[in-house]
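As the structure lists them, so they are numbered: ligands from 1, and atoms in each ligand from 1.
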Amino acid sequence: MSAKTTDRRGLLIILSSPSGAGKSTLARRLREWDSDLKFSVSATTRAPRDGEVDGADYHFLEESAFKSMVNDGDMLEHAHVFGNFYGSPRGPVQAAIEDGNDVLFDIDWQGAQQIRNSALGQHTLSIFLLPPSISELHRRLVSRGKDDAETIARRMQKSWDEISHWDGYDFVLINDNLDETETQLRSIITATRLRRSQQPGLNDHVRGLQTEFEDLS
Ligand code: ADP
Ligand code: 5GP
């Protein structure tokens, strides 16, 4: 399906959750569903994990380069997470939404809050994913096989901090069954695209209806 229409404003779609609840998996599925959906590639000062590609998974930056971007106003939001800096470069997001494309963000609650409070806040859809249980969250972090035991323990330690911000989001989904959660996400995105504020072309359309109506009467 195509998300792009000339009379549609782009939506900033934010996915947050504790680490391991399923954000990346669901973001990947959503981009397969809608190939027009752009992914905001974050910048980070953390080291790449095995298999991560610079420019695709993250822009891996030195701390000095990251801080210059922040100082130059080139980050839409940024935060310190798990001892590293993370941020969303502003340029690609601005370009995408001006073209009427939606942008998907995998960011933490601090970033979500900053974007919601920014000038783009009214064009934001924020979704929080909860795990079905803490033991399942742990199981997923282990089964993902990307982190050592110490990193997993640190992520589990931080999970409550992230979960405690669940009530700042527009939608909250319990990611138990992956297919079901994907269906729910598709529904939420499809509905939100029809918000009046996302359809700047409506004024012209209604004016056209009015003209036609008056010509007929
Ligand atoms: P996050 O991006 O939030 O850190 P991931 O998307 O990497 O989380 O998911 C963590 C692990 O859990 C992955 O191995 C993924 O395949 C698995 N996973 C995600 N959602 C589900 C689900 N609903 N049921 C079972 N496993 C899941
Ligand atoms: P990871 O190191 O596992 O890739 O990400 C750790 C955490 O940082 C996740 O909660 C993820 O959502 C968050 N994160 C990734 N990119 C950004 C970003 O650009 N901004 C913010 N605020 N958080 C981010």
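Atom numbering of ligand 1 starts at 1 in the shown order; those under 4.0 Å from a heavy atom of Ser19 are 4 (O). Set against the non-hydrogen atoms of Leu178, the atoms of ligand 1 under 4.0 Å away are 20 (N), 21 (C), 23 (N).
For the salt bridge (Lys or Arg N to Asp or Glu O under 4.0 Å) test, no residue two or more places apart in sequence or in another chain qualifies with Glu162.
Within the 4.0 Å heavy-atom criterion, the part of Ser17 lying near ligand 1 is the side chain and not the backbone. With a 4.0 Å cut-off on non-hydrogen atoms, Asp176 touches ligand 1 through its backbone and not its side chain.
Within the 4.5 Å cutoff, no side-chain heavy atoms of Lys158 are placed close to those of Arg155. Between Arg196 and Leu202 the shortest side-chain heavy-atom distance falls below 4.5 Å. Proximity of Leu76 to Phe105: side-chain heavy atoms (C-beta onward) are separated by under 4.5 Å at one or more points.
Of the protein's non-hydrogen atoms, the one nearest atom 16 (O) of ligand 1 is Thr25 OG1, 3.9 Å. In this structure, the protein non-hydrogen atom closest to atom 20 (N) of ligand 1 is Asn175 ND2, 3.1 Å. In terms of protein heavy-atom proximity, atom 7 (O) of ligand 1 is closest to Arg144 NH1, 3.0 Å. The closest protein non-hydrogen atom to atom 19 (C) of ligand 1 is Gly22 CA, 3.8 Å. For atom 10 (C) of ligand 1, the nearest non-hydrogen atom of the protein is Gly20 O, 3.5 Å. In this structure, atom 2 (O) of ligand 1 lies nearest to the protein heavy atom Ser24 OG, 2.4 Å.
Looking at Asn177, its side chain does come within 3.5 Å of a backbone N or O of Asp179 through a donor-acceptor pair. Formation of a donor-acceptor pair under 3.5 Å by the Thr44 side chain with backbone atoms of Phe85 is found in this model.
When hydrophobic residues (I, L, V, M, F, W, Y) are linked wherever their side-chain heavy atoms come within less than 4.5 Å, the members clustered with Phe82 are Tyr58, Phe60, Val81, Tyr86.
Between Gln210 and Glu214, the side chains place a donor N or O and an acceptor N or O closer than 3.5 Å (distance only, hydrogens not considered). In this model, no donor atom of one side chain and acceptor atom of the other lie less than 3.5 Å apart for Ser126 and Thr124. Inspection of the Glu77 and Ser88 side chains reveals an N or O donor paired with an N or O acceptor under 3.5 Å.
Protein residues having at least one heavy atom under 4.0 Å from any atom of ligand 2 are Lys23, Ser42, Arg46, Arg49, Tyr58, Glu77, Ala79, Val81, Phe82, Tyr86, Gly87, Ser88, Asp106, Ile107, Asp108, Gly111, Arg155, listed by chain and number.
Distances from atom 27 (C) of ligand 1 to the heavy atoms of Arg140, Arg28, Glu180, Glu136 put Arg140 nearest.
Residues in residues 138-168 take part in these ring pair (Phe, Tyr, Trp, His ring centres under 6.0 Å) pairs, two or more places apart or across chains: Trp109-His165.
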